[in-house]
Amino acid sequence: MRNFLSLILIIIVTSCAPTSEQTNEIQDLEDFLSSVEEENKKDGPVIYSASWISSNFITYDSQKVIADYGTRYTLKSLERSRQAASFDGIKTSPENRRMLDILKSSFVMPPPLDNALASELSQITTNLEAMYGSGEYCFEDGSCYDLEGFESIIDSSRNPSELLRAWQGWHEIGKPMKPMYMRMVEIGNQGSIDLGYEGLSDLWFSKYDMPAEDFLDDTDRVWDEVKPLYDALHCHVRAKLNEHYGDEIVPKSGPLPVHMLGNMWGQSWSNVYDLIYEEQTESNYIDVTKIINEKSIDEIEMVEYAENFFISMGFKPLPETFWERSLFIKPRDRSVVCHASAWNLDPVNNDLRIKMCIEKNEEDFITIHHELGHIFYYQAYNHIPTVLQAGANDGFHEAFGDLLTLSITPDYLVDIGFISKDEAEKAKQDPIGLLMKQALDGIVIVPWALMLDKWRSGVFNGKIDEKNLNSSWWNLREEYQGITTSYPRSEDYFDPGAKYHIPGNTPYTRYYLASIMQYQFHESLCNLINYDGYLHECSIYGNKQAGDKIISTMAMGQSLPWQEAFENLTGSRQLSGKSILNYYAPLKEWLDEQNKNRICGWE
């Protein structure tokens with residue numbers, strides 16, 4: 001019996017021990033991940049520098065260089081993805097398994113493992129981004145405008161004809177993008193299938209630590225919670241614009257004309273705030289743009305104010321190289337991609353930068369706070385393996401950037417010396433004005449951020465093709481946003497191409513997630529610091545307890561499922577629209593009262 005038991009024990013131990021073949025596979029896996037880490041640290045900074053140059057010096061040569069780098073990097077990434085997939089059946093640590101899964105799904109537009117197609121795809125993506133960055137339209141009278149020029153009109157003009165002309169002019173740039181964009185999708189779908197996905201749509205929505213279908217259901221569930229607030233805001237905005245412009249320009253019913261909303265894409269309505277809401281007294285309004293100019297605050301000083309916000313919560317100051325190497329002001333001698341962005345060029349050496357053509361106004365003051373949210377996120381997780389250096393999901397980066405903007409309250413403006421305590425108290429006497437101003441950004445973006453990738457998903461899976469590419473864009477915009485054009489737009493146009501994230505091939509669901517999560521973050525942090533008051537008046541500026549919670553969450557990077565990082569900060573694992581409703585509760589009550597005798601909805 002003793003010999004029999006010994007034999008059984010030997011069999012059990014032997015069966016549990018790895019075979020020599022399994023040992024070799026485990027070693028191969030470890031070697032593979034080590035080589036990825038070494039290559040990322042060595043090659044990553046060079047590739048990012050080439051990309052930086054291509055965005056800051058849009059020339060034939062810079063685009064040729066980045067296209068070449070793009071081709072080689074894409075093929076290398078594709079090879080890594082296939083290698084990672086080869087280790088699917090091997091038992092390893094949770095961290096290793098997570099890194100392998102991330103490598104497998106690291107693409108947004110993967111080519112097939114074919115040099116010619118990879119080169120073609122890289123050239124298309126480079127050309128599309130360059131076309132947007134150097135986009136310009138000239139009218140018959142010889143006047144020419146780039147995006148900055150057109151936006152200056154859209155943002156401030158009250159002349160309907162001038163607004164329509166500017167909107168039409170910029171949207172001309174999308175026309176030549178259409179065939180290239182569709183070819184890019186064709187190659188990307190083929191590459192996604194080669195990686196084991198059903199297509200690009202499956203690839204894009206498989207990265208949220210839950211089944212793609214469940215994730216998409218979750219986004220719709222949260223939108224259903226928020227929609228009544230958006231509908232009430234839409235109803236009021238339409239009524240006030242109708243009062244100002246009349247029935248011929250803005251009808252009392254139906255969708256809103258996109259060119260009349262103070263933003264090129266209708267994703268923010270803050271520039272028509274003065275038409276939407278009449279302040280109780282003029283002195284209550286805090287004009288941050290006026291303050292910036294009266295104090296002669298320059299572009300770099302605007303960035304210093306934002307940095308100080310983070311330092312006040314316990315973050316380390318930014319390195320000197322950030323100030324030496326960032327682009328803050330649009331150069332006069334060359335074309336650059338002015339779209340604001342944050343860069344993590346060399347994590348080992350903490351080479352962090354922003355690229356932005358700063359204008360001295362309130363909008364850019366807020367945007368700078370947002371971009372530094374990305375920068376300090378990079379700085380918080382740059383110590384972990386490079387594969388895990390990312391947001392817990394792609395919405396986290398945007399949410400942390402937007403979180404800080406919620407704390408740009410009257411009290412914060414007092415703390416940084418922009419206004420007096422008396423001015424802050426006067427501003428808080430009219431909470432509807434403050435909330436309206438925020439809602440014209442924070443609420444308006446929610447359906448826009450949701451519909452953009454719904455359109456793109458339709459293109460990816462073939463439900464939308466060349467025959468309805470443009471009409472489907474406007475159908476979705478009307479369905480979700482209640483926005484339309486003042487005249488039919490034919491399929492000759494490619495209006496999606498006039499928005500950077502389409503030719504730039506940047507997923508947009510992250511902005512939808514951020515638009516929800518930022519309010520959950522904000523409410524949780526305000527509860528943490530025992531704030532007692534209206535949620536919209538809470539600022540976490542100067543609070544190290546809130547800073548510690550943010551830093552600990554940021555430091556996780558993508559090392560754990562996003563639900564765990566989310567729970568670390570909020571105490572919950574589920575997205576919810578309740579925090580956004582709590583934040584804007586006084587505004588919703590006011591809007592319902594205003595809309596009592598109005599025709600609401602747009603169908």
Heavy-atom pair with the smallest gap, counting every atom of [X] and [Y]:
{"X": "N127", "Y": "M180", "result": "CB-SD, 4.2 Å"}
{"X": "N40", "Y": "P45", "result": "O-CD, 3.6 Å"}
{"X": "L147", "Y": "Y132", "result": "CD2-OH, 3.5 Å"}

Does the side chain of [X] reach to within under 4.5 Å of the side chain of [Y], using non-hydrogen atoms?
{"X": "Y73", "Y": "Y69", "value": "no"}
{"X": "I329", "Y": "I358", "value": "no"}
{"X": "K295", "Y": "E301", "value": "no"}
{"X": "I502", "Y": "F494", "value": "yes"}

Whether [X] side chain and [Y] backbone form a donor-acceptor pair below 3.5 Å:
{"X": "N271", "Y": "I154", "value": "no"}
{"X": "R98", "Y": "L560", "value": "yes"}
{"X": "E307", "Y": "L318", "value": "yes"}
{"X": "S51", "Y": "Y48", "value": "no"}
{"X": "S270", "Y": "K437", "value": "no"}

Test log, rule ring-ring contact (aromatic ring centres under 6.0 Å, His included), inputs Y512 and Y508
CA-CA 7 Å; Y512 174 75; Y508 216 80; over 10 Å; no
Please find out if less than 6.0 Å separates the ring center of [X] from that of [Y].
{"X": "F521", "Y": "F396", "answer": "yes"}
{"X": "F57", "Y": "W52", "answer": "no"}
{"X": "H397", "Y": "Y378", "answer": "yes"}

Within 6.0 angstrom of K64 NZ, more than 12 heavy atoms from elsewhere:
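Count not over threshold, so no.
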Report yes or no: do [X] and [Y] form a side-chain donor-acceptor pair below 3.5 Å?
{"X": "E37", "Y": "T386", "result": "yes"}
{"X": "W170", "Y": "Y145", "result": "no"}
{"X": "D453", "Y": "T509", "result": "yes"}

Hey, is K41 close enough to E38 for a salt bridge, meaning N to O under 4.0 Å?
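Looking at E38 together with K41, the answer is no, because their closest N to O distance does not fall below 4.0 Å.
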Given side-chain hydrogen bond (donor to acceptor under 3.5 Å, both in side chains), test Q520 with T570 step by step and report yes or no.
CA-CA 7 Å; Q520 286 185 264; T570 67; 5.3 Å; no
Consider ring-ring contact (aromatic ring centres under 6.0 Å, His included). Of F365, F315, F376, Y541, which one does F309 pass it with?
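For F309, the ring-ring contact (aromatic ring centres under 6.0 Å, His included) check succeeds only for Y541.
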Quick check on ring-ring contact (aromatic ring centres under 6.0 Å, His included): which of F400, Y583, Y531 does H522 satisfy it with?
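Exactly one option meets the ring-ring contact (aromatic ring centres under 6.0 Å, His included) with H522, and it is Y583.
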Let's go through D351 and R325 carefully: what are the C-alpha distance in whole Å and the side-chain angles of both, what is the deciding distance for salt bridge (Lys or Arg N to Asp or Glu O under 4.0 Å) to 0.1 Å, and is it a yes or a no?
CA-CA 9 Å; D351 187 354; R325 299 171 185 172; 3.0 Å; yes
I'd like to check the side-chain hydrogen bond (donor to acceptor under 3.5 Å, both in side chains) partners of H339; sequence neighbours left out, ordered by chain and number.
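Per chain and number, H339 pairs via side-chain hydrogen bond (donor to acceptor under 3.5 Å, both in side chains) with no residue.
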